[in-house]
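Encoded as structure tokens, the structure appears first; notes follow it.
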Number of protein chains: 2
Amino acid sequence: MEQLGTHRHGDRILGGDRQSCGECEIRDLTFCSVLTAEEMARVRACRTEVKLPAHHTIFHEADEADHLFNVTSGVVKLYKLLADGRRQITGFLFAGEFLGLAANRTYAYTAETVTEAKLCRFSRRRLEKLFDEWPHLEKHLLGIAASELIAAQDQMVLLGRKTAQEKMASFILMMSERAEARGQDGNPVTLPMNRADIGDYLGLTIETVSRTLTQLKNKGVISLMGSGHILLSKPDDLGDLAEGF
Amino acid sequence: MEQLGTHRHGDRILGGDRQSCGECEIRDLTFCSVLTAEEMARVRACRTEVKLPAHHTIFHEADEADHLFNVTSGVVKLYKLLADGRRQITGFLFAGEFLGLAANRTYAYTAETVTEAKLCRFSRRRLEKLFDEWPHLEKHLLGIAASELIAAQDQMVLLGRKTAQEKMASFILMMSERAEARGQDGNPVTLPMNRADIGDYLGLTIETVSRTLTQLKNKGVISLMGSGHILLSKPDDLGDLAEGF
DNA sequence: CGTATGGTTGAGTCCGTTCAAACTGAGTGG
DNA sequence: CCACTCAGTTTGAACGGACTCAACCATACG
């Protein structure tokens with residue numbers, strides 16, 4: 001299934017290559033799913049595949065927004081910083097997800113790998129030309145942006161109005177649902193990011209994240225299985241906790 | 001300037017009419033600004049102008065998303081509720097701004113007027129057909145969505161990582177900047193919403209909003225001028241407070 | 001084994017909340 | 001004109017959930 005006459009795969013750190021796409025296993029998860037074979041060929045021409053180690057910055061806030069990216073494997077986080085170093089993670093991105101949309105010429109946030117990750121990097125200038133030619137692709141992008149806006153509003157509810165326990169329960173459930181949405185196992189769920197990242201995503205400190213997980217464990221709704229794996233023992237109860245019941 | 005051979009203007013509460021557009025004073029602020037005269041004519045055909053009193057619900061979360069709207073005057077708020085009534089306002093919309101983008105068939109949030117407001121209501125089905133015909137309009141919409149995403153991320157930073165004072169200072173400055181962006185006076189700034197709305201937007205209680213305003217007043221960076229008018233006595237100091245200096 | 005890193009647990013503090021009361025101003029009616 | 005109401009706002013006092021600071025524990029690694 002993953003072999004199509006070639007066995008090449010980009011393994012160089014920080015290197016780029018032009019192979020694959022035909023053997024892309026997550027094509028259905030990306031905007032490439034709406035492209036025909038001929039369109040794919042032209043998209044591939046403005047594409048470079050990059051492989052990055054964990055905890056590596058992809059771009060910084062205020063950098064020139066020269067590229068757009070698809071995550072093809074691994075996990076990426078987006079964040080903004082305040083002057084004194086306080087950090088808010090605005091999203092985690094998994095295989096198939098898209099990043100780089102910018103309103104101005106510059107990125108509005110920093111993007112950094114959480115795990116080792118592979119990304120398709122596109123020239124923004126060249127890809128935008130293709131958007132102009134293919135309205136169906138732009139329409140698809142608009143759909144993605146609309147979904148992200150809805151998700152952002154949910155996150156505002158979480159940050160502004162939920163308690164630590166509700167935040168944590170919501171987070172675990174969301175990670176579980178997203179894993180299932182991309183065809184992976186949602187229970188037990190894998191949390192590839194560390195406590196600091198979870199805290200900065202939920203508007204909590206490391207200690208509160210840790211304590212809240214212990215509370216949920218003591219309530220019997222989850223089990224901590226080590227190295228970022230969590231078993232949802234009572235998913236329905238976890239859902240109730242997430243919504244404040 | 002506002003007269004173009006007709007003196008009609010829709011003043012019926014809850015009523016709709018098909019006039020104007022030609023005399024629309026805020027056309028430059030809306031997506032209509034990218035339309036030609038012929039395109040405008042077709043957009044007008046799927047448009048109804050509605051005038052609503054203050055504190056009137058435009059649509060509810062989970063309603064069928066049959067319409068899209070442009071705010072032509074007044075102020076609108078968007079919010080989501082938790083099961084027990086906790087509320088998070090995700091945005092305030094002013095003249096020229098657009099609402100109704102939905103990922104599914106249903107709205108993801110409730111929209112309600114803050115002040116008396118006029119809106120252009122479009123049939124979603126018919127307007128989306130025009131999107132398909134006019135890629136430049138869809139492109140413009142994508143730009144709007146991208147800007148809103150950036151704004152949503154800023155709001156996440158505010159909700160997750162800022163103190164009450166930083167939240168309040170950021171809010172006043174944002175309201176001031178947005179007033180200027182639509183050609184109104186940014187200082188003194190008008191806050192048409194009440195304390196409860198400000199609190200539910202910033203993730204604070206009414207009391208904290210009130211106390212924080214008093215603190216800012218005592219610091220001498222703002223003056224409360226009554227009925228929602230605030231004078232920014234030291235805008236730069238207010239900016240410093242907003243960013244945590 | 002020693003060290004480093006990430007995670008957990010504990011004790012005390014503080015910011016924002018909660019609950020309560022007083023104040024303000026606009027509208028209403030005697 | 002003033003008394004009254006009522007919603008919105010401000011202020012006060014006490015509380016509490018999450019934070020801060022600190023110590024301890026677990027796992028990985030040289």
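Residue numbering restarts at 1 for every chain, and letters A, B, ... go by the order of the sequence lines. This one's a predicted model, so the numbers in the text were calculated from it and none came from an experiment.
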*Rounded to the nearest Å, what distance is computed from the CG atom of residue B:D84 to the C1' atom of nucleotide C:dT17?*
15 Å

*With sugar-phosphate meaning primed atoms plus P, OP1 and OP2, does B:S227 contact a base, only sugar-phosphate, or nothing at under 4.0 Å between heavy atoms?*
nothing

*asked:* Please report the distance, rounded to the nearest Å, between CE in B:M225 and P in C:dG25.
replied: 15 Å

*Take the angle between the ring planes of B:Y109 and B:F59 and call it parallel below 30°, perpendicular above 60°, tilted in between.*
tilted

*asked:* Both B:T163 and A:L213 contact DNA chain C. Which one's nearest nucleotide lies toward the 5' end?
replied: A:L213

_Less than 6.0 angstrom from the centroid, inside 45 degrees of the normal: does B:R178 satisfy that with respect to the ring of B:F94?_
no

*Starting at the 5' end of DNA chain D and moving along, which residue's nearest nucleotide shows up first, B:H55 or B:T208?*
B:H55

_Gap between atoms NZ and C1', on B:K217 and D:dT9 respectively (whole Å)_ = 11 Å

_Rounded interatomic separation in angstrom, taking CD from A:Q215 and C1' from C:dT9_ = 12 Å

*Classify the side chain of B:Q165 and the base of C:dC15 as holding, or not holding, a donor-acceptor pair under 3.5 Å.*
no

*Nearest whole angstrom, please: distance from the C1' of D:dG17 to the CE of A:M168.*
17 Å

*Are OP1 or OP2 of D:dT11 and a side-chain N or O of B:T214 less than 4.0 angstrom apart?*
yes

_Whole-Å gap separating C1' (D:dT10) and CG (B:N218)_ = 12 Å

*Atom CD1 of B:I206 and atom P of D:dA7: how far apart are they, to the nearest Å?*
13 Å

*Under 6.0 Å between the ring centres of A:Y79 and A:Y201?*
no

*Using only heavy-atom distances, decide whether a donor-acceptor pair under 3.5 angstrom links the side-chain of A:R211 to the base of C:dG10.*
yes

*Does B:R86 reach the main-chain N or O of A:R161 with its side chain, forming a donor-acceptor pair under 3.5 Å?*
yes

*Are B:D197 and B:R87 close enough for a salt bridge, meaning some N to O gap below 4.0 Å?*
yes

*For the side chain of B:E207, counting heavy atoms from C-beta on, which of C:dG16, C:dT18, C:dG7 is nearest?*
C:dT18

*Between D:dC19 atom P and A:R86 atom CZ, what is the distance in whole Å?*
13 Å

*Indicate yes or no for a side-chain donor-acceptor contact from B:S176 to the backbone of B:G186 under 3.5 Å, with no hydrogens or angles considered.*
yes

*Residues of residues 186-205 of chain B with any non-hydrogen atom less than 4.0 angstrom from an atom of DNA chain D: list those, numerically ordered, please.*
B:N194, B:R195

*asked:* For the backbone of B:L232 and the side chain of B:N187, can you confirm whether one donor and one acceptor N or O come within less than 3.5 Å of each other?
replied: yes

